[in-house]
Protein chains: 2
Amino acid sequence: MIDTTPAELRLNLGRNLTHGLLDALGRAIVTGQYDNGAFPTEAELAKQHGVSRSVTREAVKMLTAKGLVSARPRQGTIVQPRSSWNLFDTDVLRWLLNRKFSLDLLRQFNQLRSAIEPEAAALAALLADDNDLAAINAGLERMKAAETGGEQILEADIAFHVAVLKGSKNPFFAQFQDVVGTALRSSIQFTNRLKGHSASIPDHAAVAHAIMKRQPDKARAAMKKLVSDVLDLIDAAEPGKAAAKRR
Amino acid sequence: MIDTTPAELRLNLGRNLTHGLLDALGRAIVTGQYDNGAFPTEAELAKQHGVSRSVTREAVKMLTAKGLVSARPRQGTIVQPRSSWNLFDTDVLRWLLNRKFSLDLLRQFNQLRSAIEPEAAALAALLADDNDLAAINAGLERMKAAETGGEQILEADIAFHVAVLKGSKNPFFAQFQDVVGTALRSSIQFTNRLKGHSASIPDHAAVAHAIMKRQPDKARAAMKKLVSDVLDLIDAAEPGKAAAKRR
DNA sequence: TAATGTCCATTTATATGACGAATAGGACAT
DNA sequence: ATGTCCTATTCGTCATATAAATGGACATTA
């Protein structure tokens, strides 16, 4: 039972009741609140959260669009298996990382980065335009400026990686802008522990330099090293599972 | 102006009015129907398609969840820039590939595969369980059996790649199951032209063999070759743009 | 004139109540 | 044991009314 009040829902995401309820339900689903029992009916949801049926219906429709649930008459609304959740939806990702944070998930996410970002860097070295290059440099400069650590450097770090993804001129890679941003921000409680390494300025500079010089292979390798270092740190934090290596 | 009737909407996706309208609006948006003029208001949409406001609202809410539009009071509903569309939503991807099919998009999608699938194959070589291995082999056998070509071999091909992604035991890679399936099926009109190459049995067998033998590096290399061949064919079909190489 | 505050029109957001359609599961007959 | 039918339940759809938000017009004021 979650039993939120309308006021709380409104505060939740700063928008409106529908988005507030969406957020509440999303979190509840990813934390497994409905794994055994069935998902509440329209009427029950409306009653529990003190909102109208319209609001619940629209929230549930959005959950459907993100793959978390499916609804059929008489059967009711049912939570879909995790495999059909859209992990690249920033809402879903945020819910997952915030509530049930796990090293496993962080490792798996960085395995993804390790596949995506080096290729994106290589493409950026070939295709990035002046704007992209400027953004990449700007991100690097911000990192240097905020070298003290903390939230500053995290945002600068994100800006750098986002700029590279965008510079790839491939919309599928560019799509990961939000994903990477969301994931890095959501997992800050962990990554803070390994700061100083993950935000290694020289390694980032090497990526930027290779892209500027239009050297895709060097850019790929430099970016690969960067992400690999993060993966090494994660494995080091949990030696047991290190079997899942990825080089 | 699209002006569908409720009956047409129902047929569209075989489900209900809401999903039918979602589909119609999604297609209209990705084909740029609303790029200059503004998106219709709730009332207009309801009138144009002969459905109630509830249906339009829920369809629009789903579009919102997929990042295609945003809605605010007084401002109305506005189509978001392409960069914020969720390309990894199978609906969005299907709409994009069906209506405005382009070699560019196909190339970019295969650049993504070229980043993802080799790493997934390497992980699968390390982590796939017996079920996964069986599925990979089954896909390969289906390909051999359907060697005549046509739709049979495409489905077998998809099954093979999906099995590898699943075998990676990484939910982010596994997520691409639907994406790869949707994209391959949607781009069949083009890929048919280059069949026989893209579905090279020996190359697929090499991937499967490396995974069975638990050789991640070989699996990665074999999968890389497989996707690279597709990319080469795409570049060959459109020599001008081949500058966007990706090795 | 320029800055600021007030009001208004428009559009989405929310609420409510009613009815329709589909179907899971049981009752019943065979 | 099997197939058929019925019914209760739940989502799907519709209609209408009211609230909230906001961009812009307009008035006010320094």
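- Nucleic acid contact class of Ser54(A) (heavy atoms, under 4.0 Å, all strands): base.
- Mapping Arg53(A) and Pro73(B) onto DNA chain C by nearest heavy atom places Pro73(B) at the nucleotide closer to the 5' end.
- Nearest nucleotide to the side chain of Thr41(A), out of dC11(D), dT14(C), dA15(C): dC11(D).
- Listed pair Thr77(B) / dT12(C) meets the phosphate criterion, a side-chain N or O lying under 4.0 Å from OP1 or OP2.
- Distance from the side chain of Ala71(B) is smallest for dA13(C) among the nucleotides dT14(C), dA13(C), dC11(D).
- To the nearest angstrom, C1' of dT16(C) lies 13 Å from CD of Glu42(A).
- The shortest distance between the side-chain N/O atoms of Lys61(B) and the OP1/OP2 oxygens of dA13(C) is below 4.0 Å.
- Nearest-nucleotide positions on DNA chain C for Gln75(A) and Thr18(A) put Thr18(A) closer to the 5' end.
- For Ser52(B), the listed nucleotide lying nearest its side chain is dC14(D); candidates were dC14(D), dG12(D), dA22(C).
- Rounded to whole Å, the distance from CZ on Arg57(B) to C1' on dT18(D) is 13 Å.
- In this model, a donor atom of one side chain and an acceptor atom of the other lie less than 3.5 Å apart for Gln80(B) and Ser70(B).
- Note: NE2 (His49(A)) to C1' (dA15(C)) measures 17 Å, nearest angstrom.
- Side-chain proximity of Arg72(A) to the nucleotides dT14(C), dT12(C), dT23(C) is greatest for dT23(C).
- There is no side-chain donor-acceptor pair under 3.5 Å between Asn170(A) and Gln108(B).
- For Asp129(B), the CG atom counts as densely surrounded, since its 6.0 Å shell holds more than 12 non-hydrogen atoms of other residues, nucleotides or ligands.
- Asp157(B) and His161(B) share a side-chain donor-acceptor pair at under 3.5 Å.
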